[in-house]
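See below for the structure under consideration.
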Amino acid sequence: MITHMQFPNYHSFSMELCGRTLTVETGKVAQLANGSCLIRYGDTVLLVTATMSQTPRAGIDFFPLSVDFEERLYAVGRVPGSWGRREGRPSEKAILASRLIDRPVRPLFNKDMRNDVAVACTVMSVDHDNIPEVVAMIGTSVAISISDIPWNGPISGTVVGLIDGEYVMNPTAAQRKESKMYVTVASTRDKVAMIEAGADQVEDEIVLEGIMKAHELNRTVIEFIDTIVAAVGKEKTTNICLAPHDDELTAKVHDYALEKMRECMDTDDKTVRDARLAVLTADVKEHFAEEYPDADALLGDALYKLEKFVVRDWLMQGKRVDGRAMDQVRPLAAEVGVLPRTHGSGLFTRGQTQVLTVATLGTMADVQALDTIGEEETKRYMHHYNFPSYSVGEAKPSRGPGRREIGHGALGERALDPVIPSEDEFPYCIRLVSEVLSSNGSTSQGSICGSTLALMDAGVPIKAPVAGISCGLITKGDEWRTFTDIQGVEDFFGDMDFKVAGTKKGITAIQMDLKVDGLTRDIIASAFERTKKARFEILDEIMLPCISEPRAELSPYAPKMLSTKIDPEKIREVIGKGGSVIQKITAETGTKIDIEDDGSVFISAIDIDACRRALAWVMGIAHDPTPGDVYYGRVTRIIPIGAFVELAPGKEGLVHISKLENRRVEKVEDVLNVGDMTWVKVMEIDEKGRVNLSRKDVRDEEKIIR
């Protein structure tokens, strides 16, 4: 029982959200942070804190905001699987959640702030019906809003699903399994601030309507947050440090270098543009050296603003730096089979953006084990994305994947997941690796196109090819323009990077990054229209002419696999005492065998015939012989009238000499010897239970055992 004496500043606020109670408690925990709250949605509980440094960080030219989504495995009653049995580096899921919250929050700060702001969302209890990421987003909005940190929020977040044609807000765990889409929408009071979506080829119009319904619900939550701020919110501080600017110098640089900057930017080649800018930068610094000595940083800021002005001014006029029309995609190229020894490879080029994706097929033993607060314990399909410094012409050492690389890999994974065949259809673990070879805008969407090519080259029977493209935005007051296939400079100086991936049937993934406070419905609809047209163009004009369907056969270097299901009661017999039986099978056939608790058996090898022999052996152990069954067994004894063949431990039958070959055989030893392995077919089981076999009646197509 909480008393006023214990926590005099304690307050509790509640609202009903999608049939469940959302509760925010303040003034009880983490009171030394600038703002904090304990937020509950059902049995999902998070502590969210927001703190700001009292002094600016020296020597930086960006706003230092950090958002951390911190998983605690005690939240789901689990002990960490690490050696030290404690949480280590953030999981990919935690990194993606951090990015999800960061994207709608960041544009609402003054970008010139130089004081560090840190948001920590600590997951303390998880009820899988109530999504922690959504609770964290709302909690972040509350914590910053009630703090003294300057901010133009609040925001709210909602997940919208689609079940039987009906929209479901903040779906439960059971509903999420049935849903055709999973779209996270963050909103300010008036606009959509962030979209992150995965969908099973859902039509653009249906996704758009779902986004707007989620936006309406977000406005209701924002009204709830307003009541919390009115009750306990602190006055926003003015004691912050902003980046220095010299408006007079900026104006002088603008007048001196405007036409020169236009000449620099007017090219479709990034390397040419960069070289011209280097010359202009040296010229401007020399021109103003006497009047503004030691002002490199201020001159750099002035040139940045001038470059930004030129790009944005042209875009508002419908002109792009590379001369393209606003709806024009850059020149495209596609190639498959680039790497001879990999299982599949696809090279996709769009302008000066180029991505090579490589597909690798593994056995089900290669699936990734997950140690997170989520429901999934393994991952069968993985998509990894690498962004080396040479791709942008820089010389930097590799430090491993950062948050951006992990985020882009997850976007590619989400885009292709709906078309990946099920485990029953294609019992392989699948890994894609996208290597960015050259970057000049929207490499993540290039990786999606390259991944489709690689999957089809590898012979993965995907349901449909997927293409991805991005749409940009430029705004000036109430005026706005969208444009297709943004390149790097347009991404850098524009207001939006709206990435959409999908098939001819519908959308599979969306990720929207904004630098403004939000989008109206009309802007989102325009982005959907542009990206749909472009992805159809990419599919029809370059990808499908390169490879129209998945290859009929796997690479000779890929593992071949057969699978079956046996009675779980027979698993012990297949494995044998101390693994003796299964070790014998794998040693003699050169295969790898994985058996799951439900009786699913996966057999893999480079040689498909080896898989067939091992499968026949397993089936012989797990099933009693019946007429018509085909086995691959060992000859154990030879007598004048035939050969005994072991079908499985303790099970054997006789191949009569007349059933050995489709010709007369004088001696059994002319065809078989003890120890030989051979295919045989069960012809009959007599009244005494004796199994009569035939070698000559086995057809090649029957060697693929059930």
Side-chain angles (χ1 to χ4, degrees), residues 59-63 111-112 114 242-326 328 330-331 350-354 387 389-396 436 438-443 470 472-476 481 483 485-497 515-516:
I60 60 171
D61 59 357
F62 60 92
F63 167 48
K111 68 180 184 302
D112 289 330
R114 294 298 178 261
L242 300 178
H245 297 289
D246 189 323
D247 293 337
E248 182 182 0
L249 175 59
T250 299
K252 289 181 178 180
V253 171
H254 186 280
D255 292 341
Y256 173 75
L258 177 58
E259 289 307 317
K260 295 181 179 182
M261 181 62 77
R262 285 173 174 158
E263 291 174 8
C264 288
M265 302 305 294
D266 196 10
T267 176
D268 63 352
D269 191 323
K270 180 179 182 295
T271 57
V272 172
R273 186 184 309 120
D274 290 346
R276 291 175 180 176
L277 285 171
V279 172
L280 177 59
T281 300
D283 175 27
V284 168
K285 288 182 177 180
E286 181 181 355
H287 181 80
F288 290 97
E290 184 175 344
E291 185 179 1
Y292 292 94
D294 303 320
D296 279 3
L298 292 175
L299 284 169
D301 180 63
L303 281 168
Y304 168 86
K305 289 179 177 177
L306 181 58
E307 185 180 356
K308 182 176 182 179
F309 170 80
V310 169
V311 173
R312 294 178 65 88
D313 183 57
W314 277 352
L315 284 170
M316 285 304 300
Q317 297 175 43
K319 172 180 170 59
R320 306 177 74 169
V321 296
D322 58 3
R324 279 184 294 147
M326 299 295 270
Q328 186 177 354
R330 285 171 290 175
R350 186 187 347 96
Q352 290 179 306
T353 290
Q354 187 176 59
F387 191 87
S389 61
Y390 64 73
S391 67
V392 288
E394 295 179 352
K396 293 181 180 179
V436 178
S438 178
S439 173
N440 187 20
S442 201
T443 54
S470 63
L473 169 72
I474 197 75
T475 59
K476 186 178 182 180
R481 278 179 177 268
F483 46 96
D485 182 22
I486 61 175
Q487 59 177 304
V489 69
E490 294 170 335
D491 185 8
F492 195 58
F493 293 120
D495 294 324
M496 175 183 80
D497 183 4
K515 297 174 187 173
V516 292

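One distance of note links CE of Met261 with CG of Asp266; it measures 13.0 Å at 0.5 Å rounding. Between atom CG of residue Leu303 and atom CG of residue Asp296 there is a gap of 10.5 Å, rounded to the nearest 0.5 Å. Distance check: Asp61 CG to Asp112 CG gives 11.0 Å after rounding to the nearest 0.5 Å. Rounded to the nearest 0.5 angstrom, Glu490 CD and Ser442 OG are separated by 11.0 Å. Of the inter-residue distances, the one linking Gln354 atom CD with Ser439 atom OG reads 11.5 Å to the nearest 0.5 angstrom. The distance from atom CD1 of Ile474 to atom CD of Gln317, rounded to the nearest 0.5 Å, is 11.5 Å.
Of the listed residues (Lys476, Lys308, Arg312, Arg481), just one forms a salt bridge (Lys or Arg N to Asp or Glu O under 4.0 Å) with Asp495, and that residue is Arg312.
By the salt bridge (Lys or Arg N to Asp or Glu O under 4.0 Å) test, Asp268 pairs with no residue at all, sequence neighbours left out. In this view, Phe493 and Tyr304 satisfy the ring pair (Phe, Tyr, Trp, His ring centres under 6.0 Å) rule, not counting sequence neighbours. Listed by chain and number, the residues in a ring pair (Phe, Tyr, Trp, His ring centres under 6.0 Å) with His254 are Phe309 (sequence neighbours excluded). Arg330 is linked by a side chain to side chain contact (heavy atoms under 4.5 Å, CB included) to Asp322, Arg324, Arg350, Thr353, Asn440, Asp485, Gln487, counting only residues two or more places apart in sequence or in another chain.
Of all heavy-atom pairs spanning Leu473 and Phe483, the tightest one is N-CE2, 3.5 Å. The minimum heavy-atom distance between Arg262 and Asp313, with the atom names listed, is NH2-OD2, 4.1 Å. Taking both residues in full, the closest heavy atoms of Ala243 and Arg114 are given as CB-NH2, 3.3 Å, listed atom of the first, atom of the second, then distance. In terms of heavy-atom proximity, Phe492 sits nearest to Lys515 at O-NZ, 2.6 Å. Minimum heavy-atom separation, Ser438 to Thr443: O-CG2, 4.2 Å. Across Gln352 and Asp269, no two heavy atoms sit closer than the pair NE2-OD1, 3.0 Å.
Heavy atoms of other residues, nucleotides or ligands lying less than 6.0 angstrom from NZ of Lys305 number more than 12.
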Side chains of residues 286-295: which donor-acceptor pairs under 3.5 Å do they make with residues two or more places apart or in other chains?
residue : atom : partner : partner atom : Å
Glu291  : OE2  : Lys252  : NZ           : 2.3
Tyr292  : OH   : Lys252  : NZ           : 3.3

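Side chains of Glu307 and Val489 form a contact here, defined as non-hydrogen atoms less than 4.5 Å apart. Within the 4.5 Å cutoff, side-chain heavy atoms of Asp301 are placed close to those of His245.
Among residues at least two apart or in separate chains, salt bridge (Lys or Arg N to Asp or Glu O under 4.0 Å) pairs with a member in residues 273-284 are Lys260-Asp283, Lys270-Asp274.
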### Task
Start with the C-alpha gap between Val516 and Met496, add the side-chain angles, then the distance that decides, and say whether side-chain contact (heavy atoms from CB on, under 4.5 Å) holds.
CA-CA 8 Å; Val516 292; Met496 175 183 80; over 6 Å; no
